[in-house]
Amino acid sequence: MRAVLVANPKGGAGKTTLATNLSGYFANQSLVTTLCDLDRQQSALRWMAFRDPALPPVTGYYGGNQIVLNLPREADWVVVDAPAGLQGYKLTDYIRAVDRVVVPLVPSVFDMAATEDFLNSMRAELRAARGKIGIVAMRVDPRTRAAGMLEEFLKHFDIPIVTYLRNTQNYVNVAAAGATVFDPPRARNKKDLEQWAPLIDWLQG
Ligand SMILES: Nc1ncnc2c1ncn2[C@@H]1O[C@H](COP(=O)(O)OP(=O)(O)O)[C@@H](O)[C@H]1O
Ligand SMILES: [Mg+2]
């Protein structure tokens with residue numbers, strides 16, 4: 001079993017979008033995939049409920065009541081969707097329990113301020129977990145000024161930007177159907193699939 005935690009203190013950063021699409025990727029690889037939803041709003045589980053039973057299956061459960069993060073050993077991959085505001089000893093605990101931590105980050109001043117506090121508060125963990133934590137730049141074109149701003153900001157933390165995901169309604173549309181960009185028909189998501197490739201390599205490395 002391998003596990004990835006998707007975390008960022010800010011609501012709307014793209015955690016659930018990343019968590020559901022990653023689950024869709026693993027499921028389409030015929031891997032036993034479990035989505036652990038830690039958010040009381042349970043958006044990831046709601047997404048799962050919409051999922052067409054004909055698609056590769058993703059199972060899931062609400063893990064927000066657990067004191068210690070207990071992950072199902074029988075899964076090939078567990079994807080953990082964190083709530084906004086996850087911090088402190090719980091965050092430290094969760095980082096220890098997983099193989100990778102993905103932090104989605106939108107390059108807006110508001111999102112970066114919230115993420116700066118978050119990254120500062122986990123400097124010790126960052127040091128201990130070096131190589132385990134990566135940023136996904138969300139809703140951004142890598143050739144823009146916003147991307148440059150993000151890179152500049154992240155220099156203080158020594159965390160890699162693993163990939164850039166563009167701003168597209170594709171994510172909104174597939175989510176509404178309990179699907180992901182990895183589910184068929186994939187042709188219309190070709191550009192997005194290319195952007196996911198570095199993240200998938202990094203997770204499996
Ligand atoms: N790359 C993207 N392009 C367009 N819309 C996106 C993208 N990523 C996320 N969204 C949308 O932004 C909203 C917030 O994303 P969500 O994944 O729910 O964030 P979080 O779980 O961090 O609160 C959702 O409506 C989602 O569909
Ligand atoms: Mg969410």
Side-chain angles (χ1 to χ4, degrees), residues 4-29 31 33-60 77-86 100-108 110-112 114-115 133-144 146-147 149-150 160-204:
V4 50
L5 168 70
V6 185
N8 179 301
K10 191 86 170 47
K15 294 179 288 298
T16 302
T17 301
L18 278 182
T20 53
N21 279 280
L22 274 178
S23 300
Y25 169 75
F26 293 128
N28 275 279
Q29 297 298 111
L31 297 168
T33 308
T34 304
L35 190 47
C36 172
D37 195 346
L38 296 178
D39 193 344
R40 266 186 304 178
Q41 290 180 358
Q42 302 193 16
S43 321
L45 293 184
R46 205 165 303 147
W47 165 85
M48 222 177 63
F50 288 132
R51 192 164 171 79
D52 184 339
L55 291 174
V58 175
T59 57
W77 270 94
V78 182
V79 179
V80 185
D81 186 14
L86 174 65
R100 290 282 186 276
V101 182
V102 176
V103 180
L105 183 50
V106 182
S108 82
F110 309 117
D111 285 64
M112 289 199 290
T115 306
I133 305 181
I135 302 279
V136 170
M138 266 312 224
R139 316 177 77 147
V140 60
D141 180 328
R143 293 158 304 188
T144 56
M149 215 168 81
L150 187 65
I161 299 178
V162 181
T163 196
Y164 291 82
L165 299 183
R166 66 185 179 141
N167 190 16
T168 165
Q169 284 303 109
N170 282 353
Y171 292 110
V172 182
N173 294 337
V174 293
T180 68
V181 293
F182 297 99
D183 293 303
R186 262 178 288 220
R188 75 172 85 111
N189 306 322
K190 190 167 169 283
K191 208 163 166 199
D192 304 301
L193 297 179
E194 281 166 15
Q195 296 194 310
W196 278 80
L199 174 60
I200 285 157
D201 282 350
W202 179 78
L203 284 175
Q204 294 179 326

Undergrad: Measure the shortest side-chain to side-chain distance between Pro184 and Asn28 over non-hydrogen atoms and say whether it is less than 4.5 angstrom.
TA: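 In contact.
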Undergrad: Measure across Gly11 and Ala84 and return the closest heavy-atom pair with its distance rounded to 0.1 Å.
TA: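 Looks like N-CB, 3.8 Å.
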Undergrad: What heavy-atom pair brings Ala179 and Leu55 nearest, and what distance separates the two atoms?
TA: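 Distance-wise, the nearest heavy atoms are CB-CD1, 4.1 Å.
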Undergrad: How far does NZ of Lys10 sit from CE of Met112, to the nearest 0.5 angstrom?
TA: 12.0 Å
Undergrad: Measure across Asn8 and Ala13 and return the closest heavy-atom pair with its distance rounded to 0.1 Å.
TA: CG-CB, 3.8 Å
Undergrad: Please step through side chain to side chain contact (heavy atoms under 4.5 Å, CB included) for the pair Arg139 and Tyr171, ending with a clear verdict.
TA: CA-CA 11 Å; Arg139 316 177 77 147; Tyr171 292 110; over 6 Å; no
Undergrad: With a 4.5 Å cut-off on side-chain heavy atoms, are Tyr25 and Thr180 touching?
TA: no
Undergrad: Compare every heavy atom of Ala7 with every heavy atom of Pro104, then report the nearest pair and how far apart it is.
TA: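 That would be CD-O, 3.5 Å.
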Undergrad: Please report the interatomic distance CG(Asp111) to CG(Leu105), rounded to the nearest 0.5 Å.
TA: 6.5 Å
Undergrad: Any side-chain heavy atom of Leu203 within less than 4.5 Å of one from Phe26?
TA: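 Counting from C-beta outward, Leu203 and Phe26 do come under 4.5 Å.
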Undergrad: How close do Ala146 and Pro107 get, counting heavy atoms only, and between which atoms?
TA: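 Taking every non-hydrogen atom into account, O-CB, 3.6 Å.
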Undergrad: Output yes when Arg51 and Asp183 qualify as a salt bridge under the 4.0 Å nitrogen-oxygen rule, no when they do not.
TA: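 Counted as a salt bridge, because a side-chain N and a carboxylate O are separated by less than 4.0 Å.
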Undergrad: Would you say the ring centroid of Trp196 lies under 6.0 angstrom from that of Phe182?
TA: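 Close enough - the centres of the two rings lie under 6.0 Å apart.
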Undergrad: To the nearest 0.5 Å, how far apart are CG in Leu38 and NZ in Lys15?
TA: 11.5 Å
Undergrad: Start with the C-alpha gap between Val4 and Val102, add the side-chain angles, then the distance that decides, and say whether side chain to side chain contact (heavy atoms under 4.5 Å, CB included) holds.
TA: CA-CA 7 Å; Val4 50; Val102 176; 3.7 Å; yes
Undergrad: Could you check whether any side-chain heavy atom of Tyr164 comes within less than 4.5 Å of a side-chain heavy atom of Arg143, counting everything from C-beta outward?
TA: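 Tyr164 vs Arg143: side chains apart.
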Undergrad: Which value, rounded to the nearest 0.5 Å, describes the distance between Asn189 atom CG and Gln195 atom CD?
TA: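 Rounded to the nearest 0.5 Å, the CG-CD separation comes out at 11.0 Å.
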Undergrad: To the closest 0.5 Å, what do you measure between CD (Gln42) and CG (Asp81)?
TA: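 So the gap between those two atoms works out to 10.5 Å.
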Undergrad: Indicate the atoms forming the closest heavy-atom contact of Ala27 with Pro56, along with that distance.
TA: O-CB, 3.4 Å
Undergrad: Test side chain to side chain contact (heavy atoms under 4.5 Å, CB included) on Leu165 and Asp192; report intermediate values, then the result.
TA: CA-CA 7 Å; Leu165 299 183; Asp192 304 301; over 6 Å; no
Undergrad: If you count every heavy atom of other residues, nucleotides or ligands that lies below 6.0 Å from Arg186 atom CZ, does the total exceed 12?
TA: yes
Undergrad: Distance check, rounded to the nearest 0.5 Å: Met48 atom CE versus Thr33 atom OG1?
TA: 11.5 Å
Undergrad: If you apply the rule side chain to side chain contact (heavy atoms under 4.5 Å, CB included), what do you find for Met138 with Thr17, and how did you get there?
TA: CA-CA 10 Å; Met138 266 312 224; Thr17 301; 4.2 Å; yes
Undergrad: Please answer whether the main-chain N or O of Gly134 pairs with a side-chain N or O of Arg100 as donor and acceptor at a distance below 3.5 Å.
TA: no
Undergrad: Counting only heavy atoms from other residues, nucleotides and ligands, does the tally under 6.0 Å from CD of Gln29 exceed 12?
TA: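 Yes, the 6.0 Å shell around CD holds more than 12 heavy atoms from other groups.
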